[in-house]
There are 2 protein chains.
Amino acid sequence: MSRPAGPLSAMSAGGGAGAGDGPRYPAIMRILVEEIGAGRYALGERLPTEHDLCQRFGASRHTVREALRHLKDMGLIARRQGSGSVIIAHYPEQRFVNSITSLDELVQYAETTWLDVLAVDKIVVDETLGTWLRATPGEPWLRLSALRRVAGVRDPFAYTEVFMPIAFEALVGEIGAEVSALYAMLERRFGVRVAKIHQSIEAVTADANVASRLDIVSGAPLLRIKRCYVAEDGTLIELAVNHHPADRFRYEMTLDRKPVGGALVNDIRDWPGPNEASATADRRGSPVHHATETNDDRDGHTPCAD
Amino acid sequence: MSRPAGPLSAMSAGGGAGAGDGPRYPAIMRILVEEIGAGRYALGERLPTEHDLCQRFGASRHTVREALRHLKDMGLIARRQGSGSVIIAHYPEQRFVNSITSLDELVQYAETTWLDVLAVDKIVVDETLGTWLRATPGEPWLRLSALRRVAGVRDPFAYTEVFMPIAFEALVGEIGAEVSALYAMLERRFGVRVAKIHQSIEAVTADANVASRLDIVSGAPLLRIKRCYVAEDGTLIELAVNHHPADRFRYEMTLDRKPVGGALVNDIRDWPGPNEASATADRRGSPVHHATETNDDRDGHTPCAD
DNA sequence: GAGTGGTCTAGACCACCTT
DNA sequence: AGGTGGTCTAGACCACTCC
């Protein structure tokens, strides 16, 4: 059945169906994207219905839906049964994304590192800890303390304390034997699920305890990384506090700019390619310093960022 | 036309078509997901063809394709014309994603902060800087130095140096008047495009220069955040080095767990909800300390992460 | 050339939202 | 109740891949 020469018959694209123009939904898609980008529809306004678009483009509903699916994937419209397609953005949103597949990528410890567990004990939450854990002072919690070492280096490069609800007491014995991440073990054994990790990075100075653990002087600069593992319901599953001597660790991350949503991501699935990973490597390289100096005296102030 | 009672007729799901079972593709999808998860197909192996699946499930090709589309979105299979559907993963890949829409979210400076530009001058790259910039020592670069302040606080909370290729010299005059991010200005004015931001965070001690800028003592702990803005071709567009006194700034980020690809992302598009932002707030709260102590003496070492 | 997925049409019932 | 998107069927041509 030769495709009736609709309003789009002059279009062309790739492979095709009935007659000989190539796929039509990309053309429809492009037109709609352009119209949206040109501001033809206000944010919150509704796109014409599928039916209307079918008529306008002389295409079947299925074809129009394919085009609309892409608009949705690009984040331009939201669709809902009964309500139509609403404009939610004029341009495909771009984001810088730091995407992490395994916790190891977040934690950034090479596989040549390991944890020396010093102790697992029951503690009582004090006021400070209460703030961190969103727990009531006096409440009992579990604390694991450990040193993280890397092969071939005498000194540990991190002193870590992990706090867990007392409910996890049962698995204390297993921690030493655990190969995967702690949070994964908690998920597996208790059926909880980490939905979110909140990470906080700051520079602090070593107190006496941490200093002795890491064999550095008290007051030495540390990179302290706190990680809160939060369940879907907001419960804190685990709090890990890592203390890294300044010269033994550096935190790195790479943010890739990409459109949000399925558009590009799905293209990756079109056929297997190297699955781009992101977060970067590991232990600190050699420390670097650079001299800074200023001559000029221009002055101004701007709210601008980097 | 009542749907012929195929092998799936006992299934049920949601809303539906011909007869009365509800949508069928979710059921088909679930079955395939389970089979893949159970290891029925090896990685790299091919899934049965659409035709075969149609027969097996007694569904139309369109319906089977809908199911397969989701498998693809979940990252379980890759499809290609002529070659079939290949298993590329046994489980839906989960990632923790830190997604940042604007640079401000990355930089984490509230809108109540601003930059006091101290100087913009031409410098000559020394050896250390050469490493950072991937430039040859001796090469001329542009350097901007500035203090970042927040309303109501006397002391700046960051001393920043930004390095740019000498080619951007023309816009030196505009920097003071710039409201948006510097990198955005470079993009706009020079037609370059930031494709990637590499960020490195470490604890360092203040050298004399930085200390005097920030009015802190030499040797005080700093959080140093370096950001490399890299173009698609790998060119370094800008390097920003931020020095934050330890007690005046903290870097925070939230990673949300989500399946990679369209699956969940698309669900967000199903209907507008609050578009979950991620990266979190700003200036440092009150400094916190906590006592650490250990009693027990269990010992073990594991490669495991938090 | 046979097989596979990509795209298309035409018509249909249904669930959901708006009116 | 009418409109809208969600899902389904049945049949078709095409481009691409692999043998």
Side-chain angles (χ1 to χ4, degrees), chain A residues 1-6 8-9 11-29 45-55 57-72 77-86 266-267 269-272, chain B residues 1-6 8-9 11-29 45-55 57-72 77-86 266-267 269-272:
Chain A
M1 158 190 322
S2 74
R3 178 191 299 165
L8 263 150
S9 53
M11 292 271 156
S12 74
D21 272 332
R24 308 178 63 188
Y25 78 83
I28 296 175
M29 190 183 97
E45 194 178 338
R46 276 161 66 246
L47 211 58
T49 67
E50 293 182 352
H51 177 71
D52 290 349
L53 292 172
C54 288
Q55 292 215 307
F57 293 115
S60 78
R61 195 173 158 217
H62 183 81
T63 301
V64 165
R65 280 176 63 77
E66 187 66 32
L68 292 177
R69 186 201 321 283
H70 284 265
L71 293 200
K72 174 177 136 184
I77 62 172
R79 317 188 67 206
R80 194 170 46 168
Q81 211 174 150
S83 307
S85 304
V86 169
N266 286 349
D267 288 349
R269 304 297 169 207
D270 276 350
W271 200 247
Chain B
M1 160 191 320
S2 74
R3 180 192 296 166
L8 263 150
S9 51
M11 290 274 154
S12 74
D21 273 334
R24 308 179 63 189
Y25 79 83
I28 295 175
M29 190 183 96
E45 195 179 336
R46 277 162 63 247
L47 211 57
T49 67
E50 292 182 353
H51 178 71
D52 291 348
L53 293 173
C54 289
Q55 293 216 307
F57 294 114
S60 78
R61 197 177 157 213
H62 184 79
T63 302
V64 166
R65 279 175 64 77
E66 187 65 33
L68 292 177
R69 184 200 323 280
H70 284 265
L71 293 200
K72 175 178 138 184
I77 62 172
R79 317 188 68 207
R80 194 171 44 168
Q81 211 172 153
S83 305
S85 304
V86 169
N266 287 349
D267 288 348
R269 304 297 168 206
D270 276 350
W271 199 245

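Chain letters run A, B, ... following the sequence lines, proteins first, then strands; residues in each count from 1.
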**Message:** Can you measure A/Ile28 atom CD1 to C/dT7 atom P for me and round it to whole angstrom units?
**Reply:** 12 Å
**Request:** Could you pull out the closest heavy-atom pair between B/Val64 and B/Glu50, with the gap in Å?
**Result:** CG1-O, 4.2 Å
**Between P of D/dG6 and CZ of A/Arg69, the distance in whole Å** = 9 Å
**Message:** Against B/Tyr25, only a single residue in B/His70, B/Arg69, B/His62 fulfils side chain to side chain contact (heavy atoms under 4.5 Å, CB included); can you say which?
**Reply:** B/His70
**Request:** Calculate the interatomic distance between B/Leu71 atom CG and C/dG5 atom P; express it in whole Å.
**Result:** 12 Å
**Complete:** To the nearest angstrom, the CZ-C1' distance between B/Arg46 and C/dT4 comes to 8 Å
**Message:** Can you tell me if B/Thr63 touches the phosphate of D/dT9, counting only side-chain N or O atoms and a distance under 4.0 Å to OP1 or OP2?
**Reply:** yes
**Fill in**
Assert: residue with more 5' nearest nucleotide on DNA chain C, out of B/His51 and B/His62, is B/His51
**Prompt:** So does A/Arg61 reach the base of D/dG5 with its side chain, donor to acceptor, closer than 3.5 Å?
**Reply:** yes
**Asked** C/dT7 P sits how many Å from B/Glu66 CD, rounded?
**Response** 14 Å
**Message:** Under 4.0 Å from OP1 or OP2 of D/dT4: is there any side-chain N or O of A/Arg79 that close?
**Reply:** no
**Message:** Tell me the closest heavy-atom pair linking A/Ala67 and A/Met29, and the distance in Å.
**Reply:** CB-N, 3.9 Å
**Test item: A/Ile28 and A/Leu53 side chains (from C-beta on) under 4.5 Å apart, heavy atoms** = no
**Asked** Can you check the A/Arg65 CZ to C/dT7 P distance for me, whole Å?
**Response** 16 Å
**Message:** Quick check on D/dT4: is either OP1 or OP2 less than 4.0 Å from any side-chain nitrogen or oxygen of A/Ser85?
**Reply:** no
**Prompt:** Which of the following nucleotides, D/dG5, C/dT7, C/dT9, is nearest to the side chain of A/Tyr25?
**Reply:** C/dT7
**Asked** Do you know which two heavy atoms are closest between B/Ile77 and B/Leu68, and how far apart they sit?
**Response** CD1-O, 3.8 Å
**Value in whole Å for how far the C1' atom of C/dT9 lies from CD of A/Gln55** = 15 Å
**Request:** Specify the separation, in whole Å, of atom CD of A/Glu50 and atom P of C/dA12.
**Result:** 17 Å
**A/Gln81, nearest nucleotide to its side chain (from D/dA12, C/dA15, D/dT7)** = C/dA15
**Item:** C/dT9 OP1/OP2 closer than 4.0 Å to side-chain N/O of A/Ser60
**Value:** yes
**Complete:** Among the nucleotides D/dT17, C/dG5, D/dG5, whichever has the atom closest to the side chain of B/Arg80 is D/dT17
